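Data first, discussion second: the structure below is written as structure tokens.
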Amino acid sequence: MRFDANTRLAGVIGNPVRHSLSPIMYNTVFSALGLNCVYMAFEVEKENLEDAIRGIRGLGFMGINVTIPHKTGVIPFLDELSAEAEIIGAVNTIVNKNGKLIGYNTDSYGYEMALQEKVGISLKNRNVFVIGAGGAAHAIAGQSILSGASAVVITNRTFEKAKSLMDFLNGTFCRHHQNSGSDCDAKTRLETVPWGTDAWRNILHDMDIIVNTTSIGMNGRGDLAQDIPWNNIKKDAVFFDVVYTPIETSFLKEAIRLGHRAVSGLYMLIYQGAKAFELWTGKKPPIELMEKTLVAHFSEKGGKDA
Ligand code: ATR
């Protein structure tokens, strides 16, 4: 693709951002679809965040992705938030709609679609166990509630943060329900449990979807599989890991070995990107090409970096 005076711009802001796979993923798809668009990575310091966001509007970017550590920091600089971004309290995609900047959270969509497409299950009436309480946990827990999970149980090494996430979600859901004219009666049971095998043993037997949102297992560091009480888990429980380096963590490997279905964070990455792509261009990207591009990148790098 030759860039010219009509090339439309997109990108990702974050810090650090030089490891991001998004430029490879999006530029491959732009090129395959013959779209005159380009996607770049911008390392943005916190004190420059407002200027960076103004630049999106000023330079007429079609939109950007936002990654760590700016997913919450960008919110005050936007004109509007989608319902899921408001409930989750984080934005990973901004759309520039004729100068109006709208914040979305497509991580949550990526999680839901990955479950649907890879193992054919929906979140409705499921019991979801969320390991971790950081940014990714906000999207996973928030989307589970939005899509009608029966229960969301949160566990975190720092227990206070699990409690804060629960309180935060209770609060935003209440506001959302009140704004849409209904009472605050979210149907999902929200709970926290302490960290560790003993506490998990009492609850995991009842869980349908077990999600690691922490960085344990990333690049082979740490092994969550050792802490899971495997003999207390439903046969048809599904395991999901937001980590995608390696594509199959030891947590997922052990789940598969024991006969469970498992979904890699790679698919959450792909589907969150697919949604952002569609929001910017109005077109659905080829999922297989996105997967092929990322897998090829990992095999080139020996699966070491993300
Ligand atoms: P992200 O936005 O990717 O979710 P984050 O907001 O920094 O990143 O959250 C990281 C999560 O991984 C937290 O839940 C963190 O637990 P703490 O709140 O106790 O810090 C969890 N985490 C990271 N390394 C961990 C480890 N070695 N053991 C247990 N939890 C870990």
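Everything numeric here is computed off the predicted structure, so don't read it as measured data. One-based numbering, in listed order, for ligands and for the atoms of each.
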Numbered atoms and elements of ligand 1 in range of [X], under 4.0 angstrom, heavy atoms:
{"X": "Gly132", "value": "14 (O)"}
{"X": "Thr214", "value": "12 (O), 21 (C), 22 (N)"}
{"X": "Ile68", "value": "2 (O), 3 (O)"}
{"X": "Trp195", "value": "29 (C)"}
{"X": "Ala136", "value": "1 (P), 2 (O), 4 (O)"}

Among all protein non-hydrogen atoms, which one is nearest to [atom], and what is the separation to 0.1 Å?
{"atom": "atom 10 (C) of ligand 1", "answer": "Gly134 CA, 4.5 Å"}
{"atom": "atom 25 (C) of ligand 1", "answer": "Arg157 NH1, 3.5 Å"}
{"atom": "atom 17 (P) of ligand 1", "answer": "Thr158 OG1, 3.4 Å"}
{"atom": "atom 13 (C) of ligand 1", "answer": "Asn156 OD1, 3.8 Å"}
{"atom": "atom 8 (O) of ligand 1", "answer": "Gly135 N, 4.3 Å"}
{"atom": "atom 24 (N) of ligand 1", "answer": "Ser215 OG, 3.6 Å"}

With no hydrogens and no angle check, is any side-chain donor or acceptor of [X] less than 3.5 Å from a backbone partner on [Y]?
{"X": "Trp280", "Y": "Ile94", "value": "yes"}
{"X": "Asn65", "Y": "Thr93", "value": "no"}
{"X": "Arg189", "Y": "Ser150", "value": "no"}
{"X": "Asn96", "Y": "Gly63", "value": "no"}

ask   = Looking at the rings of Tyr111 and Phe240, which for Trp means the six-membered one, are their centres under 6.0 Å apart?
value = yes
task = Would you please indicate yes or no on a ring centroid separation below 6.0 angstrom for Phe239 and Phe251?
result = yes
inquiry  = Whether the Asn92 and Asp107 side chains hold a donor-acceptor pair (N or O, under 3.5 Å, no angle test) is what I'd like checked.
reply    = yes
request  = Kindly state if atom 4 (O) of ligand 1 has a protein heavy atom within a strict 4.0 Å cut-off, that is, under 4.0 Å?
outcome  = yes
key: Crowding at NZ, Lys284 (>12 non-hydrogen neighbours, <6.0 Å)   = no
